[in-house]
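Scroll down for the structure; my scribbles are underneath it.
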2 protein chains.
Amino acid sequence: MARSNVGPTITEVAKAAGVSRATVSRVLNGRTTVDPAIGARVRAQAERLQYRPNLTARYLSTGRTMTVSLVIPDLGNPMFQSVLRSLTRAAESAGYGVLVAEAQSAEKEARIAQDARRQCDAVVLVAPRTVDAELDALITQVAPVVVLNRRLKDPHVASVGIDYGAGVTQLVDHLTALGHRDLLYVAGPERSAAHQERLATLNSIAASRPELSVRTIPGGASMAAGHDVAEEVLASGATGVLAFNDLVAFGLLARLHGLSVDVPGDLSVTGFDGIELSRFAVPALTTVGQEVLDTGAVAWSLLEPQLAATGKAGPVEHALLTPRLIVGDSTGPAPAARASAHAPAADAAPDPAAR
Amino acid sequence: MARSNVGPTITEVAKAAGVSRATVSRVLNGRTTVDPAIGARVRAQAERLQYRPNLTARYLSTGRTMTVSLVIPDLGNPMFQSVLRSLTRAAESAGYGVLVAEAQSAEKEARIAQDARRQCDAVVLVAPRTVDAELDALITQVAPVVVLNRRLKDPHVASVGIDYGAGVTQLVDHLTALGHRDLLYVAGPERSAAHQERLATLNSIAASRPELSVRTIPGGASMAAGHDVAEEVLASGATGVLAFNDLVAFGLLARLHGLSVDVPGDLSVTGFDGIELSRFAVPALTTVGQEVLDTGAVAWSLLEPQLAATGKAGPVEHALLTPRLIVGDSTGPAPAARASAHAPAADAAPDPAAR
DNA sequence: ACAGGCGGAGAAACCGGTTCCCCGTATCAT
DNA sequence: ATGATACGGGGAACCGGTTTCTCCGCCTGT
């Protein structure tokens, strides 16, 4: 019913070629040697009628939709966009399409993922906010699934994690090597697993290095968030700022520029994720991320065997990507340290060229 | 066949509730008053079994997939990402999903769109590169369709255009009001319709205002492109630069900063599109765009009636969004004009070789 | 020459829903 | 009480493919 104006069905092709539907199906799927003459006739008619199989019907009978869903918290974040892009490309080359779903709130994540799974063969879940217990339940429901940017206890589900701890450690080491002792973390969303992991690492670093001061202020995950905390960051007196992610760092840099703060002269700022944008920030952002290894592509490589597998299927894999430090121009010697050893004189003077 | 581990079918629910499949279907779709007792029984069993209808099957029988495709040239461009986001949100609230397809080359656009249409009810086409003749043919094949960011001759197809000409005019007016007489356009991709329209407008402006010098250099559509043309831009001696889009402007600003060029002191730079990022550029970018009106949402509003329409359907609408000038800090008085009143002499002086 | 084997193609079942058609029953009016 | 009507729900067809099963005809081997 309500068939749109889309083309002919396999039945019409069969009629036109004077064969059965089964034969048309066989021919067009390159099945067991059909009589070449018939094959040619079918193909000719299919071509003449511009026949295109109805994918929905095919999916119903084969049970595979050739589609996977990507469930993302925020379509506005380049980090997730890059996942979408690389996943789309990887999936496309295997003949799969990608359906995007945005779970704008943590509560919706589960519901959205379930809905998505109903029309797809698998789900790629970027679910940093759902709590562990719920997540486990969800995962079993929507499998096959790959979980991104989050480390799971459950070894049965594929995941692509990023070693946030290693990333944070690299950033802190970088900053402390530059003489920074007073660090400030502009936090991400409270429920974000990425945030929690970064915070935990920072706390453990702080605990093991008493000479460091590591404070935290609430932030967010957007440029606007970074922009809005600039004054508070300045007021804190910290010399090294670790923004939750590149976007936050970005907004922060913009506002600091407006406030004529010299970065990195007065203040060093780091991001997280290594989005393409970070290279073009002014000043270029020091951050951590993986340029080559692409999360979306890795996710696909973990998902594909699960899709192909006829039976219960083989081993589920995990990937843990370790981000690399990308040194930009947004970090430099701590103001207090400039006078001494390495760095030359000239401290936070009324720097004229604050841009 | 090959039914994944997904839940029970309508038949099982029917059996469990002791009714026919038809009744289960009616109950769950809220059809004509079914006996409340039976309705409750069915619902109870559906709940107990955690029944979720198989969407593929439903689609086959209803002929509607509740999915639309978005065909985009480049998933990496925030401009398109914002379309994706707003379209996704608008579609979601109507119960539709969005399938993304990236047509990485102009040649692929048609093929991708056709493929996409086979599993969707409609296509949103952001096809700035396909030539008019092909586009017309394509459009009739994949209808219902909405074409974005491109003005069409064919009045039968819905489109959301952006008045690029008006945007360019505003930018040029803004720059000339600041005293700029020597303008440089960093071109977009050769085949891009957006580029062509902007270029045509610039040419017509140049023709009608002989006092202006409007030159063009090849560029691109990415931050990297903007970054790479910085030296050439400087060498041109122009004082006002119109970048093809915000990303190009962005890359350009970054490189200019690296070259210690004062923007807007030495050089004014404008973008195009008004992506969120532009507000956070350093310096904040002067650009044109539509903040509130969202292309994707508008596209949906044009598409929805076509989807709902049972018959051939009503009038196809067109939207033409007029971008607004967003003045940032990347534009300022022309250097030559700074000394005097408004905009004195100083024409194309011993221009150090326009490249 | 006849039986067995094999390959090719049609018939039909199936995927899991929706919906038309029709029948049986309950309700209402006469 | 009986006929007309409304309505609820079951049976079955249908959407458009894929795939199994079966049958037919021809080839081959003895």
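A note on names: the letters A, B, ... follow the listed sequences, proteins ahead of strands, and every chain is numbered from 1. FYI, side chains are in, hydrogens and waters are out, and symmetry mates aren't considered; it's all heavy atoms of this structure.
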Take the protein atom [atom1] of [X] and the nucleotide atom [atom2] of [N], then report the distance between them rounded to whole Å.
X: B:Met66; N: C:dT18; atom1: CE; atom2: P; answer: 12 Å
X: B:Leu28; N: C:dT19; atom1: CG; atom2: P; answer: 13 Å
X: A:Leu60; N: C:dT18; atom1: CG; atom2: C1'; answer: 12 Å
X: B:Glu12; N: C:dC15; atom1: CD; atom2: P; answer: 11 Å
X: B:Ile10; N: D:dC14; atom1: CD1; atom2: P; answer: 19 Å
X: A:Tyr59; N: C:dC14; atom1: OH; atom2: C1'; answer: 19 Å
X: A:Arg64; N: C:dG16; atom1: CZ; atom2: C1'; answer: 18 Å
X: A:Asn54; N: D:dG16; atom1: CG; atom2: C1'; answer: 6 Å

For [X], what residues pass the side chain to side chain donor-acceptor pair (under 3.5 Å) criterion, not counting sequence neighbours?
X: A:Ser105; value: A:Glu107
X: B:Arg41; value: none
X: B:Glu92; value: none
X: B:Ser82; value: none

Please list, one pair per line, the donor and acceptor atoms closer than 3.5 Å that link side chains of residues 15-22 of chain A to other protein atoms, with sequence neighbours excluded.
| from | atom 1 | to | atom 2 | distance (Å) |
| --- | --- | --- | --- | --- |
| A:Ser20 | OG | A:Ala22 | N | 3.4 |
| A:Ser20 | OG | A:Thr23 | N | 3.3 |
| A:Ser20 | OG | A:Thr23 | OG1 | 3.2 |

Open item on the list: For a side-chain contact (heavy atoms from CB on, under 4.5 Å) check, start with the C-alpha distance between B:Val71 and B:Val126, then their side-chain angles and the critical distance, and finish with the verdict.
Closed with: CA-CA 6 Å; B:Val71 180; B:Val126 187; over 6 Å; no
Open item on the list: With a 4.0 Å limit, can you tell me whether B:Ser25 has a side-chain N or O closer than that to the phosphate oxygens OP1/OP2 of C:dT18?
Closed with: yes
Task: Under the salt bridge (charged side-chain N to carboxylate O under 4.0 Å, His left out) test, residues paired with A:Arg43 that sit two or more places apart - done: none
Open item on the list: Any carboxylate oxygen within less than 4.0 angstrom of a Lys/Arg side-chain nitrogen, looking at A:Glu102 and B:Arg89?
Closed with: yes
Polar-atom pairs under 3.5 Å, protein N or O versus N or O of nucleotides 10-12 of chain C: list them with distances, or write none.
| from | atom 1 | to | atom 2 | distance (Å) |
| --- | --- | --- | --- | --- |
| C:dG10 | OP2 | A:Ser20 | N | 3.0 |
| C:dG10 | OP2 | A:Ser20 | OG | 3.0 |
| C:dG10 | OP2 | A:Thr23 | OG1 | 2.6 |
| C:dG10 | N7 | A:Arg26 | NH2 | 2.8 |
| C:dG10 | O6 | A:Arg26 | NH1 | 3.4 |

Task: Consecutive-pair stems (3 or more, Watson-Crick or G-U, under 3.5 Å) for DNA chain D - done: C:1-30 with D:1-30
Open item on the list: Among C:dT18, D:dG17, C:dG16, which nucleotide has an atom closest to any side-chain atom of A:Pro53?
Closed with: D:dG17
Task: Selection residues 90-126 of chain A - residue pairs positive for ring pair (Phe, Tyr, Trp, His ring centres under 6.0 Å), sequence neighbours left out - done: A:Tyr96-A:Trp300
